[in-house]
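Each remark here refers to the structure printed beneath this line.
Just so it is clear, the structure is predicted and the values come from calculations on it, not from any experiment. Numbers here are sequence positions counted from 1. Both ligands and their constituent atoms are indexed starting at 1 by order of listing.
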Amino acid sequence: MNLDIIDCSSFHREFYVLINSMKANPYRESISFLKQAKSASNKLPIFVKQNLKNSSATLLKSCPQEPNIQEILTPQETSNKKSFISESCLAIISAQLGDVFAYIQVDDGELFHNITPKPGMENEQSYAGSLVELEFHTEQHFHPHSPDYLLLYCLRSVPDANTFFVDVEEVLKELDKKYIERLFKPIYKTGIDHVFGNMTTERGNGPIKPVLYGDHNRPYFRYDQDLMVGVTEEAKEALDELEIVLNRVKQSICLEPGELLVLDNRRVVHGRSLFKPKFDGKDRWLQRAKVKCDLGLVGSDCDLDTHIIETKFDI
Ligand SMILES: O=C(O)CCC(=O)C(=O)O
Ligand SMILES: [Fe+2]
């Protein structure tokens, strides 16, 4: 699979000018902030815009960074960061792809999430875990309004934490045709994430769906290695074979400060290696945004004045 690289050092000064034009607070005035990001985003170089729209995985290198990042501790909940360079990079790049949005169940509907290891969650299948590998998944695979894109901006790196990903194109190339055909059938129980109410982390308690859907030559992907369960023996076998292929062809990247990874969540699955947390304020720190190409299409589950999706799950 091709990971497209955009080196932002070639327009570094212009990128800072765009960020400085954004005066709203991303947490207290989030909708104004997103509007300002949209205007700024229009002024990105053409090659950046074209690349983002045509790629299922892009790494933007040398993005602007917070001025005094060495002095800021990795947060365990909300950060006390005074500047908003990371949120601005996320919002400006997201605006090329669609609308940043939040789920009411995640971080109380905040649009930007701090992805850091949390004490007590070391062994969880969660972005807040650390001592266990975060298994392959697409974001909110069980949700009727899952993100179209996922953006991860790195503020602080640790050498042993790698982000994994696989494009569905690789699966088409590598997996036996008979398993591919099975993955197109609606014989897989999705699993609702614990944050959305699945407190017992029971697997397979969501709607039954296919793993692959859409055009058979250029399909979309819905997958969760941990929570999805095959309904039949054939379905279970296809999931096992898929897992083998994903582990064989995965690309792995250790995100560095100032790097921003953009993944098309409809075509790419991702995960993360295990790593040792220290809880000393110097742990790994990413910030995340989720994007829908057109939030208006969500309908009554989404308030366009807040960009929060409020779909409820009865579990
Ligand atoms: O920590 C990572 O590299 C990936 C985390 C993740 O899967 C997510 O935030 O959705
Ligand atoms: Fe994820």
My understanding is that only one of [options] makes a side chain to side chain contact (heavy atoms under 4.5 Å, CB included) with [X]; could you say which?
| X | options | answer |
| --- | --- | --- |
| Val211 | Leu239, Val269, Ile180 | Leu239 |
| Leu260 | Leu151, Leu152, Leu286 | Leu151 |
| Ile309 | Cys302, Pro144, Ser146 | Cys302 |

(request) Return yes or no for this condition: an N or O of Thr163 is under 3.5 Å from an N or O of ligand 1. (result) yes

(request) Say whether Tyr127, considering both its backbone and side-chain N or O atoms, lies within less than 3.5 Å of an N or O atom on ligand 1. (result)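 No: no nitrogen or oxygen of Tyr127 is under 3.5 Å from one in ligand 1.
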
(request) Kindly indicate whether a cation-pi arrangement holds for Arg266 with Tyr149, taking the cut-offs as under 6.0 Å to the six-membered ring centre and within 45° of the axis. (result)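 Verdict for Tyr149: a cation-pi partner in Arg266.
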
(message) A cation-pi test, strictly: NZ or CZ of Arg222 under 6.0 Å from the centre of the six-membered ring of Tyr213 and no more than 45 degrees from its axis. Yes or no?
(response)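 Yes, Arg222 sits over the ring of Tyr213.
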
(request) Answer yes or no for Arg284: is there a heavy-atom contact with ligand 1 below 4.0 Å? (result) yes

Heavy atom of the protein closest to [atom] (residue, atom name, distance):
| atom | value |
| --- | --- |
| atom 9 (O) of ligand 1 | Arg288 NH1, 2.9 Å |
| atom 4 (C) of ligand 1 | Leu152 CD1, 4.0 Å |
| atom 10 (O) of ligand 1 | Glu139 OE2, 2.7 Å |

Could you list which atoms of ligand 1 come closer than 4.0 Å to a heavy atom of [X]?
| X | value |
| --- | --- |
| Arg272 | 1 (O), 2 (C), 3 (O) |
| Leu134 | 5 (C), 6 (C), 7 (O) |
| Leu286 | 1 (O), 2 (C), 3 (O) |

(request) If you have a sec, read the angle at the Fe ion (ligand 2) from His270 atom NE2 over to Glu139 atom OE2, to 10 degrees. (result) 90°

(message) Test of understanding: given a 4.0 Å heavy-atom threshold, classify the contact between His137 and ligand 1 as side chain, backbone, both, or neither.
(response)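 The answer is the side chain of His137.
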
(message) If we set the cut-off at 4.0 Å for heavy atoms, which region of Leu255 has an atom near ligand 1: side chain, backbone, both, or neither?
(response)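 For Leu255, there is no contact with ligand 1 at all, from either part.
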
(request) Ignoring hydrogens and angles, tell me if any N or O in the side chain of Asn25 forms a donor-acceptor pair with the backbone of Arg28 under 3.5 Å. (result) yes

(request) Please confirm whether the backbone N or O of Leu60 pairs with a side-chain atom of Glu259, one donor and one acceptor, at under 3.5 Å? (result) no

(request) Please state whether the rings of His143 and His145 are parallel, tilted or perpendicular, taking 30° and 60° as the class boundaries. (result)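 Answer is tilted, since the angle falls between 30° and 60°.
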
